[in-house]
Amino acid sequence: MLEALIGFTFLAALLVLLVPNEWAGRLAFALSAVPFVGSLYLWSRFDAAGNALTGGTIAFESRYEWVEVGGRTVSWFVGLDGISLPLVVLTTFLVPLAILSAWTPVDSRQSQFYGLMLFMEANLLGVFTALDFFLWFVFWEAVLVPMYFLIGIWGGPRRKYAAIKFFVYTNAASLLMFIGFMSLTFALGDSIGSLALPEITRALADGGLETWFGISPDRMAMVAFLAMFAGFAVKVPIVPVHTWLPDAHVEAPTPVSVLLAGVLLKMGTYALLRFNFTMLPEQASALAVPIAAIAVISVIYGAMLALAQKDLKRIVAYSSVSSMGYVILGLVVFTEYGVGGATFQMVAHGLISGLMFMAVGVVYNATHTRMVGDMAGMADRMPLTVGILVAGAFGYMGLPLMAGFAGEFFIFVGAFGAPSLPYAPVFTALAMFGIVIVAGYLLSAMQKTLFGPFRLETDYEVGPAPFHDVAPLAVLLAAIIVLGVAPDIFFEMIRDAAMPVVEGVSVDV
């Protein structure tokens with residue numbers, strides 16, 4: 001099933017690349033619906049217990065030997081558990097909506113644009129399902145290629161600068177992560193015979209690390225943890241390695257920003273959970289205080305930066321930095337609701353940030369400006385779009401019965417009394433203060449741009465947005481509300497997969 005899902009998406013990307021421009025958008029939307037239906041089928045048939053990396057049952061597992069490298073077997077090894085399945089569904093859900101939102105702004109080289117969007121989706125599915133490091137790393141790096149071209153060709157005035165900055169930052173981070181992980185595999189010596197992630201996780205849990213080039217096992221584990229954490233932190237991103245994100249978002253076309261915030265940032269937090277916090281829990285627990293401090297700084301600093309912005313896209317971009325800080329805090333506390341809530345928040349943030357970027361894009365399509373001081377009273381001219389934008393903003397603020405509230409609530413419950421994190425109530429209270437700042441900058445931006453007498457600095461006629469622009473906004477808002485009202489849609493399977501990670505950490509570390 002997973003091979004069919006990934007393979008079909010690759011073939012769909014190739015087909016869209018070859019068709020005439022006038023057919024590309026509608027064909028891409030139709031083809032992108034197939035992986036979404038496939039992911040729903042996987043969800044309906046899902047039956048897995050525990051975490052795939054800690055010996056739990058893997059759903060839809062398939063494994064075929066590929067090549068042998070340095071005495072270790074590289075395999076095509078894919079599967080799903082309760083952590084990866086929600087992210088697969090999120091990816092296949094957002095891509096058709098992002099493609100639909102591109103019908104208005106993308107009017108050149110359309111077959112190439114939509115083909116690259118589908119190519120990126122296929123690689124994202126690979127990242128969330130691959131269970132062999134070599135295979136996973138191929139997909140991980142391949143995601144960079146379409147994103148680079150999507151920003152560099154269809155982006156704003158500084159698109160080349162933003163695309164190069166994005167690629168250099170994330171590629172350098174991948175190199176650092178690669179060095180850290182491969183050091184672990186070499187230090188495991190003969191205790192592993194492949195690059196399968198479950199096998200490596202079990203070998204590390206059994207104390208398989210050996211002294212390597214004079215480096216003791218404990219020191220090797222800590223060095224590898226720090227290298228991988230630094231690499232993944234850039235992808236999240238967290239402060240202070242976040243500076244590539246606002247530039248990428250501002251210059252990227254709206255549909256690309258939707259996938260960048262909605263899915264690509266989740267690659268970093270997903271990898272942190274899979275590699276750092278699952279494979280090296282003792283090192284994560286030993287560094288709990290500095291990691292929690294970084295998380296809180298990201299929450300507060302990201303929110304403060306958003307408060308200072310005048311560009312609506314930059315406001316939402318810095319909001320993502322703040323929101324990802326909550327995910328890091330949830331992961332580092334090693335509690336059922338902390339780790340589970342962090343994973344749930346990945347999905348919730350993917351939906352809410354996607355909605356916010358998409359709504360800002362619809363406003364920009366009509367006004368050709370994103371600056372707070374350039375417009376006012378948009379609610380009179382675009383009432384439905386503005387209504388959904390306001391609802392999405394309240395979701396970002398943590399309004400109850402919306403997905404963002406559920407994710408943050410789980411994290412705060414898991415973090416407040418976490419026994420493995422010293423001063424846990426202090427860190428949690430400081431992080432919660434970020435919600436106040438979020439409310440401040442979002443309410444201020446909405447008041448200035450959406451309400452009051454109509455005013456527009458640019459010379460454009462503004463009216464209701466076309467149906468194909470508003471429809472994906474309504475679908476996203478509905479999903480946010482459904483997930484907020486019934487979080488167990490995903491949270492139950494997430495909690496089952498998170499428990500082995502939690503149980504692998506002693507509170508006395």
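Position 1 is the first residue of the sequence; numbering continues from there. This structure is a prediction, so every number in the text was calculated from the model and none was measured.
Side-chain contact between Leu116 and Met147 is absent, with no heavy-atom pair separated by less than 4.5 Å. Inter-residue side-chain proximity for Asp81 and Ser84 is flagged as met; some heavy-atom pair is nearer than 4.5 Å. Counting heavy atoms from C-beta on, the side chains of Leu124 and Phe139 never come closer than 4.5 Å. In this structure, the side chains of Arg314 and His249 stay at 4.5 Å or more apart for every pair of heavy atoms. The shortest side-chain heavy-atom distance between Met228 and Leu280 falls under the 4.5 Å cut-off. Taking 4.5 Å as the limit, some side-chain heavy atom of Leu150 sits within range of a side-chain heavy atom of Met120. You'll find the side chain of Leu131 stays beyond 4.5 Å of the side chain of Trp136, heavy atoms only. Considering only heavy atoms from C-beta on, Ile328 comes within 4.5 Å of Leu272 through its side chain.
Under the side-chain contact (heavy atoms from CB on, under 4.5 Å) criterion, Val339 pairs with Leu273, Leu331, Ala498, Val502, not counting sequence neighbours. For Trp140, the side chain to side chain donor-acceptor pair (under 3.5 Å) partners two or more places apart in sequence, or in a different chain, are Ser174. Residues forming a side chain to side chain donor-acceptor pair (under 3.5 Å) with Asp374 (at least two apart in sequence, or on another chain): Thr369. With sequence neighbours left out, the ring pair (Phe, Tyr, Trp, His ring centres under 6.0 Å) criterion links Tyr161 to no other residue. Shown here are the ring pair (Phe, Tyr, Trp, His ring centres under 6.0 Å) partners of Phe394, two or more places apart in sequence or in another chain: there are none. With sequence neighbours excluded, the residues that form a side-chain contact (heavy atoms from CB on, under 4.5 Å) with Pro466 are Thr104, His468, Asp469. Every residue two or more places apart in sequence or in another chain that forms a side-chain contact (heavy atoms from CB on, under 4.5 Å) with Val363 is listed here: Thr367, Met375, Thr385. By the side-chain contact (heavy atoms from CB on, under 4.5 Å) test, Leu87 is found to be paired with Leu90, Phe128, Lys266, Tyr270, Met346, Val347, residues two or more places apart in sequence or in another chain being considered. With sequence neighbours left out, the ring pair (Phe, Tyr, Trp, His ring centres under 6.0 Å) criterion links Phe149 to no other residue. Residues satisfying the side chain to side chain donor-acceptor pair (under 3.5 Å) criterion with Tyr337, sequence neighbours excluded, are Arg495.
Aromatic rings of Phe405 and Phe409 (six-membered ring for Trp) have centroids within the 6.0 Å cut-off, being under it. Proximity of the aromatic rings of Phe334 and Phe277 is defined here by a centroid distance below 6.0 angstrom, and this criterion is met. Aromatic ring centres of Phe181 and Phe133: separated by under 6.0 Å.
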Query raised in the report: Hey, mind stepping through Phe232 and Phe275 against ring-ring contact (aromatic ring centres under 6.0 Å, His included) and telling me if it holds?
Result: CA-CA 10 Å; Phe232 295 138; Phe275 288 80; 5.6 Å; yes
**Report entry** Worked check of salt bridge (Lys or Arg N to Asp or Glu O under 4.0 Å) between Arg455 and Asp380
**Finding:** CA-CA 10 Å; Arg455 177 178 58 82; Asp380 291 338; over 6 Å; no
Query raised in the report: Going through the distances and angles, do Gln283 and Leu226 end up as a side chain to side chain contact (heavy atoms under 4.5 Å, CB included)?
Result: CA-CA 9 Å; Gln283 285 67 35; Leu226 292 172; over 6 Å; no
Query raised in the report: When you look at Ser353 and Tyr396, which way does the side chain to side chain donor-acceptor pair (under 3.5 Å) test go after all the steps?
Result: CA-CA 8 Å; Ser353 62; Tyr396 237 135; 5.0 Å; no
Throw together a table of side-chain donor-acceptor distances under 3.5 angstrom for residues 429-436, partners on residues two or more places apart or in other chains.
none

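There is no side-chain donor-acceptor pair under 3.5 Å between Thr170 and Lys235.
The side-chain hydrogen bond (donor to acceptor under 3.5 Å, both in side chains) contacts involving residues 438-447 comprise Ser319-Tyr441, where partners must be two or more places apart or lie in separate chains.
A 6.0 Å sphere centred on CE of Met182 holds more than 12 heavy atoms belonging to other residues, nucleotides or ligands. Residue Phe416 qualifies as open at atom CZ: its count of foreign heavy atoms under 6.0 Å is 12 or below. Under a cut-off of 6.0 angstrom, the local environment of CZ in Phe454 is crowded, with over 12 non-hydrogen atoms contributed by other residues, nucleotides or ligands.
Cation-pi contact between Arg26 and Trp103: present, with separation from the ring centre below 6.0 Å and deviation from the ring axis of at most 45°.
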